[in-house]
Amino acid sequence: MLDLQRQYQRIREDILSAVERVCSSQHFILGPEVEELEREVAAFTGAADAVGCASGTDALWLMLAACGVKPGDSVITTPFSFLASASAIVRAGATPIFADIDPATFNINPQQVSSRLKEAKARALLPVHLYGQCADIDRLQPMADEFNAVLVEDAAQAIGAAWGGRKAGTLGLAAAFSFYPTKNLSAYGEAGLVTTLDPARADHMRRLRSHGSSRRYVHEELGWNARMDAIQGAILRVKLAHIEEWNQQRRELAAGYDRLFGDAGLDGTALTIPFRDPKAHHVFHQYVIRARRRDELREFLTARKIGSEVYYPLPLHLQPCFGYLGYRKGDFPESEKAAAEVLALPMFPELGEDEQDWVVQSISDFYC
Ligand SMILES: *Cc1c(COP(=O)(O)O)cnc(C)c1O
């Protein structure tokens with residue numbers, strides 16, 4: 001599914017010297033490495049500023065808090081995502097309101113957002129760029145404007161992705177990134193970051209990530225310890241220099257899967273290959289098919305030692321922890337259908353062509 005060893009072997013010298021740099025400085029939390037990373041990610045995305053933090057989950061919370069989400073507010077998001085997209089809303093004191101997905105892209109469906117906005121006043125819209133493809137910002141931004149809500153991005157899976165030529169991280173007021181080890185740009189532990197178009201919000205996030213303090217032991221408001229380790233900052237700087245190349249390799253591998261599934265006569269019959277929105281620059285954090293008899297196929301692949309994964313098997317409105325929100329099975333049929341059909345196949349820049357052939361050959365063996 002993902003072999004991080006191969007990447008490490010290729011950049012080992014640079015990683016070790018970055019770690020050595022931090023150890024020699026004995027400066028372990030924030031500091032110059034994290035500040036440089038913030039500048040470099042802001043420049044890479046085109047955002048005004050960036051704030052490093054301890055995880056993607058913390059990035060979501062910092063972003064929501066700094067964009068004015070307060071206790072008693074509500075925030076519209078997708079039920080077809082990782083838990084943190086919604087739990088961070090609760091952490092900011094607000095209530096998630098779900099809107100179903102577009103079955104083609106798996107991203108939040110603007111039409112559904114529009115009806116939610118008419119029913120309830122929301123402080124923010126939080127689309128998730130799922131699998132590395134941006135949500136339909138052209139339709140979401142005017143809705144946010146009309147209803148006086150802020151648009152913020154869950155870009156955890158989408159570093160380097162773009163919409164209409166603008167990079168994820170600049171498509172709303174702010175965007176949250178995760179550098180969890182499986183992500184396209186990944187740390188050697190936990191790390192996250194928020195980009196924003198508004199320098200004042202960045203200053204606020206810098207306070208919030210250090211217990212709401214800008215002067216030592218004076219706390220203007222309650223924050224949290226959400227700081228990034230210097231070692232993670234230094235490692236991420238090494239890897240950021242490769243991200244365009246790695247994303248391009250992912251895109252080529254995705255095109256390779258498409259071609260092989262087409263040649264095998266599987267696309268449109270046994271399975272459906274990922275749809276690309278013409279406005280989106282997809283960075284294939286995951287290559288996700290819809291598959292008939294998905295669970296049986298997965299067992300078959302596992303028996304051949306081929307990794308695959310279901311992102312995500314239980315939509316957020318049906319999670320036990322969100323029972324208090326009062327949603328029922330059947331409320332978001334497209335998300336529930338996707339949860340039953342999606343399968344992510346091996347995808348990482350170093351995946352070999354022969355390995356990819358074997359994945360497709362095996363899927364073909366299963367169906368034929
Ligand atoms: C990974 C991920 C997160 C959380 O990031 P962590 O770094 O694991 O806290 C949030 N949202 C989405 C969509 C993710 O994929």
Side-chain angles (χ1 to χ4, degrees), residues 1-2 4 34 37 41 50-65 69 75-92 96 98-99 101 105-108 124-135 152-161 168-169 171-172 174-195 205 209 224-229 231-233 235-236 239 247 250 280 282-288 309-317 319 321-322 335 338-339 342 344 347-348:
M1 190 66 193
L2 168 63
L4 287 167
V34 174
L37 175 74
V41 175
V51 179
C53 61
S55 70
T57 304
D58 277 344
L60 284 164
W61 161 69
L62 280 172
M63 168 178 87
L64 291 168
V69 173
V75 177
I76 298 177
T77 194
T78 166
F80 194 57
S81 182
F82 179 60
L83 178 87
S85 306
S87 67
I89 294 170
V90 178
R91 176 69 182 75
F98 295 118
I101 56 167
T105 61
F106 302 107
N107 280 325
I108 201 165
L125 295 189
L126 176 61
V128 178
H129 305 319
L130 202 69
Y131 308 143
Q133 176 162 248
C134 291
V152 288
E153 314 164 61
D154 182 338
Q157 305 187 357
I159 188 136
L171 302 173
F177 292 89
S178 165
F179 303 128
Y180 185 77
T182 60
K183 301 285 155 85
N184 287 29
L185 177 63
S186 60
Y188 282 14
E190 304 271 6
L193 175 141
V194 187
T195 57
M205 288 187 272
R209 76 176 169 189
W224 201 250
N225 175 358
R227 296 178 292 248
M228 185 189 283
D229 282 350
I231 284 189
Q232 303 306 342
I235 288 170
L236 286 163
K239 295 177 107 188
N247 280 344
R250 287 172 181 270
H282 196 324
V283 293
F284 288 95
H285 170 56
Q286 299 294 345
Y287 183 90
V288 176
E309 200 53 71
V310 176
Y311 303 112
Y312 295 90
L314 186 63
L316 301 182
H317 67 290
Q319 291 289 348
C321 64
F322 289 135
S335 297
V342 294
M347 171 56 79
F348 54 98

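Note that the coordinates shown come from a computational prediction; the quantities given were computed from them, not determined experimentally. When a residue number appears, it is its place in the shown sequence, counting from 1. All values below were derived from every heavy atom in this structure, side-chain atoms included, with hydrogens, water molecules and symmetry-related copies excluded. Atoms within each ligand, like the ligands themselves, are counted from 1 in listed order.
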Close side-chain approach of [X] to [Y], heavy-atom, < 4.5 Å:
X: Tyr131; Y: Gln157; value: yes
X: Ile76; Y: Ile108; value: yes
X: Trp61; Y: Val194; value: no
X: Thr105; Y: Gln133; value: yes
X: Trp224; Y: Arg209; value: no

Starting from [atom], locate the nearest protein heavy atom and write down its residue, its atom name and how far away it is, to 0.1 Å.
atom: atom 11 (N) of ligand 1; value: Asp154 OD2, 2.9 Å
atom: atom 12 (C) of ligand 1; value: Ala156 CB, 3.4 Å
atom: atom 15 (O) of ligand 1; value: Gln157 NE2, 2.8 Å
atom: atom 14 (C) of ligand 1; value: Lys183 NZ, 3.2 Å
atom: atom 8 (O) of ligand 1; value: Tyr180 CD1, 3.8 Å

Asp229 side chain to Ala191 backbone, donor-acceptor under 3.5 Å: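 No.
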Short side-chain to backbone donor-acceptor contact, Lys239 and Ala187, under 3.5 Å: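 A pair under 3.5 Å: no.
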Element-labelled atoms of ligand 1 that are located less than 4.0 Å from some non-hydrogen atom of Thr57: 4 (C), 5 (O), 6 (P), 9 (O)
Atoms in ligand 1 with a heavy atom of Gly56 nearer than 4.0 Å: 5 (O), 6 (P), 7 (O), 9 (O)
N or O contact, Glu190 vs ligand 1, cut-off under 3.5 Å: no
Contact (N/O only, under 3.5 Å) between Ser81 and ligand 1: no
Residue portion contacting ligand 1 (non-hydrogen atoms closer than 4.0 Å) for Asp58: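 Neither; nothing of Asp58 gets under 4.0 Å from ligand 1.
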Region of Val128 that comes within reach of ligand 1 [heavy atoms, distance under 4.0 Å]: side chain
Run the side-chain donor-acceptor check on residues 84-92: report pairs under 3.5 Å with partners two or more places apart or on a different chain.
residue: Ser85; atom: OG; partner: Ser81; partner atom: OG; Å: 2.7
residue: Ser85; atom: OG; partner: Phe82; partner atom: O; Å: 3.4
residue: Ser85; atom: OG; partner: Asp154; partner atom: OD2; Å: 2.8

